[in-house]
Amino acid sequence: MPELPEVETICRGLQPHLQGRTIVRVDVLQPRLRSLVEPALPGRLQDETIVRVGRRAKYILIFLANKTVWVFHLGMSGKLIHVDAATPLQKHDHMVATLDNGRELRYHDPRRFGLSVVVAEARLHEMPQLRHLGLDPFDSRFDGPYLHAFTKRSARRIRDLLLDQQVVAGVGNIYANEILFRVGVRPTHRACRLPRGKVEQIAAMIPKVLRDAIRWCGTSFSDYRDADDNFGEFQKRLRVYDREGEKCRSCPSVIKRLPLGNRSVFYCPACQV
DNA sequence: CGGTGGACCTGCTGGC
DNA sequence: TGCCAGCAGGTCCACC
């Protein structure tokens with residue numbers, strides 16, 4: 001589900017609710033996520049105060065006063081929501097953190113592809129999931145030459161390269177498709193065959209599209225919601241993703257869908273070469 | 001090493 | 001109406 005813009009929207013929504021709050025208790029209702037939630041996790045969080053909420057790629061980072069970090073990844077269908085304690089529990093609510101103001105932070109994830117761990121802040125960037133991540137697209141070092149260093153030596157399709165978190169951290173299938181439409185490149189184009197100028201354009205378009213999506217609070221199809229359980233708006237601004245058979249917004253052609261690996265690509269056969 | 005394809009889960013939709 | 005195949009925002013691992 002959530003790519004960088006959705007995760008960033010959730011973080012921005014959680015920050016004012018969580019900052020300065022103390023976690024009173026944590027209940028794990030279903031520990032079987034992508035990896036098992038360690039039994040010691042509730043004890044490591046109890047009575048800890050939240051300093052701030054941050055993000056690395058698609059990971060949500062809740063920094064605690066004792067210099068540990070509660071890390072979440074939402075997988076495909078995860079939600080992290082701040083609610084009133086009176087809100088009825090939903091099916092697939094797997095974790096509930098009660099805060100000192102009586103409100104609750106709930107982790108909900110039907111497909112259970114998500115992740116939740118607590119790590120020492122000093123070891124955060126050494127944890128297996130974060131260690132090999134590439135640059136965040138908003139990092140000042142992320143530019144054309146950086147991306148070109150990857151594209152020039154890769155025979156992969158450009159869509160697959162953009163999904164590789166070791167190259168750019170935070171792009172997922174929706175935004176990979178949207179970015180490539182906006183630079184007129186087919187998702188199936190081999191990375192190493194793209195001219196340097198096109199790679200520069202792609203590198204510039206990545207943060208542009210992601211920023212735009214953040215401005216619209218992310219993309220909601222079925223299950224994505226922000227920290228207050230509200231929909232995003234960017235689905236109204238998609239040019240190709242999930243628009244198979246519909247008219248291109250830039251020319252008279254019809255958007256095509258192609259299964260590529262186990263993720264569909266969407267493109268305009270006229271606008272994208 | 002690089003690249004591909006399947007596995008992990010549940011739920012929804014569309015075709016028959 | 002009911003059933004079943006196909007598909008879904010992501011990662012990780014086995015295999016070539």
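Note on naming: letters A, B, ... go to the chains in the order of the sequence lines (proteins, then strands), and numbering restarts at 1 for each one.
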Among residues at least two apart in sequence or on other chains, which ones pass side chain to side chain contact (heavy atoms under 4.5 Å, CB included) with A/His92?
A/His94, A/His108, A/Pro110

Any pair counted as side-chain hydrogen bond (donor to acceptor under 3.5 Å, both in side chains), so long as it reaches residues 170-182 of chain A, sequence neighbours left out
A/Glu6-A/Tyr175, A/Arg159-A/Asn173, A/Asn173-A/Asn177, A/Tyr175-A/Thr219, A/Glu178-A/Arg182

Using only side-chain N and O atoms of A/Lys58, determine if any of them is under 4.0 Å from OP1 or OP2 of C/dG9.
no

Close residues, residues 258-266 of chain A, relative to DNA chain B [heavy-atom separation under 4.0 Å]:
A/Asn262

Name all residues meeting the ring-ring contact (aromatic ring centres under 6.0 Å, His included) criterion together with A/Phe63; count only those two or more places apart in sequence or in a different chain, and write none if there are none.
none

I'd like to know whether NZ of A/Lys67 has more than 12 heavy-atom contacts from other residues, nucleotides or ligands below 6.0 angstrom.
no

Let me know, please, whether A/Asp160 or A/Lys91 comes out on the 5' side of the other along DNA chain B by nearest nucleotide.
A/Asp160

Would you measure the distance from the C1' atom in B/dG11 across to the matching atom in C/dC12 and give it in whole Å?
23 Å

Rounded distance (Å) that lies between atom P of C/dG9 and atom CG of A/Asp242:
9 Å

Who pairs with A/Pro16 by side chain to side chain contact (heavy atoms under 4.5 Å, CB included), at least two apart in sequence or on another chain?
none

Residue whose closest nucleotide on DNA chain B lies nearer the 5' end, A/Arg34 versus A/Arg190
A/Arg190

Exceeds 12 heavy-atom contacts within 6.0 angstrom, atom CZ of A/Arg32:
no

Provide, to the nearest angstrom, the distance between the CE atom belonging to A/Met127 and the C1' atom belonging to C/dT11.
13 Å

Given atom CG of A/Asp164 and atom C1' of C/dT11, what is their separation to the nearest angstrom?
11 Å

Involving DNA chain C, stems made of at least three consecutive Watson-Crick or G-U pairs, both distances under 3.5 Å
B:2-8 with C:10-16, B:10-16 with C:2-8

Pairs satisfying salt bridge (charged side-chain N to carboxylate O under 4.0 Å, His left out), at least one member in residues 98-122 of chain A, at least two apart:
A/Arg21-A/Asp100, A/Asp84-A/Arg103, A/Glu104-A/Arg106

For C/dG9 and B/dG3, measure between their C1' atoms and round to the nearest Å.
23 Å

What class does the angle between the rings of A/Phe72 and A/Trp70 fall in, given that below 30° is parallel, 30 to 60° is tilted and above 60° is perpendicular?
tilted

If only side-chain N and O atoms of A/His73 are considered, is one of them under 4.0 Å from the OP1 or OP2 phosphate oxygen of C/dG10?
no

Protein-nucleotide distance (A/Gln165, atom CD; C/dC12, atom C1'), rounded to Å
12 Å

Let me know the distance between CZ of A/Phe113 and P of C/dA8, rounded to the nearest Å.
13 Å

Side chain to side chain contact (heavy atoms under 4.5 Å, CB included) involving A/Thr9 - partner list, sequence neighbours excluded:
A/Cys217, A/Tyr224, A/Asp226

How would you give the extent of chain A contacts on DNA chain B, as first and last nucleotide 5' to 3' within a 4.0 Å heavy-atom cut-off?
B/dG3 to B/dG11

Please list, chain by chain and in numerical order, all residues satisfying side chain to side chain contact (heavy atoms under 4.5 Å, CB included) with A/Arg243, sequence neighbours excluded.
A/Glu246, A/Arg249, A/Ile255

A/Arg111 has an atom CZ; how far is it from atom P of C/dG6, in whole Å?
16 Å

Rounding to a whole Å, what distance do you find between A/His132:NE2 and C/dC13:P?
11 Å

Would you measure the distance from the P atom in C/dC7 across to the matching atom in B/dG5 and give it in whole Å?
15 Å

Checking side-chain contact (heavy atoms from CB on, under 4.5 Å) for the pair A/His82/A/Leu14: CA distance, chi angles, key distance, verdict?
CA-CA 7 Å; A/His82 175 258; A/Leu14 288 177; 4.1 Å; yes

If you measure from the ring centre of A/Tyr224 to the centre of the six-membered ring in the base of C/dG9, is it under 5.5 Å, with the planes under 30° apart?
no

Could I get the full list of salt bridge (charged side-chain N to carboxylate O under 4.0 Å, His left out) partners for A/Asp136, not counting sequence neighbours?
A/Arg55

Take atom OH of A/Tyr241 and atom C1' of C/dA8, then tell me their distance rounded to the nearest Å.
6 Å

By side chain to side chain donor-acceptor pair (under 3.5 Å), A/Gln166 pairs with (sequence neighbours left out) none

P atoms of C/dA14 and B/dC9, separation to the nearest Å:
16 Å

Name the nucleic acid region contacted by A/Ser220, choosing base, sugar-phosphate or nothing; use a 4.0 angstrom heavy-atom cut-off, strictly under.
base

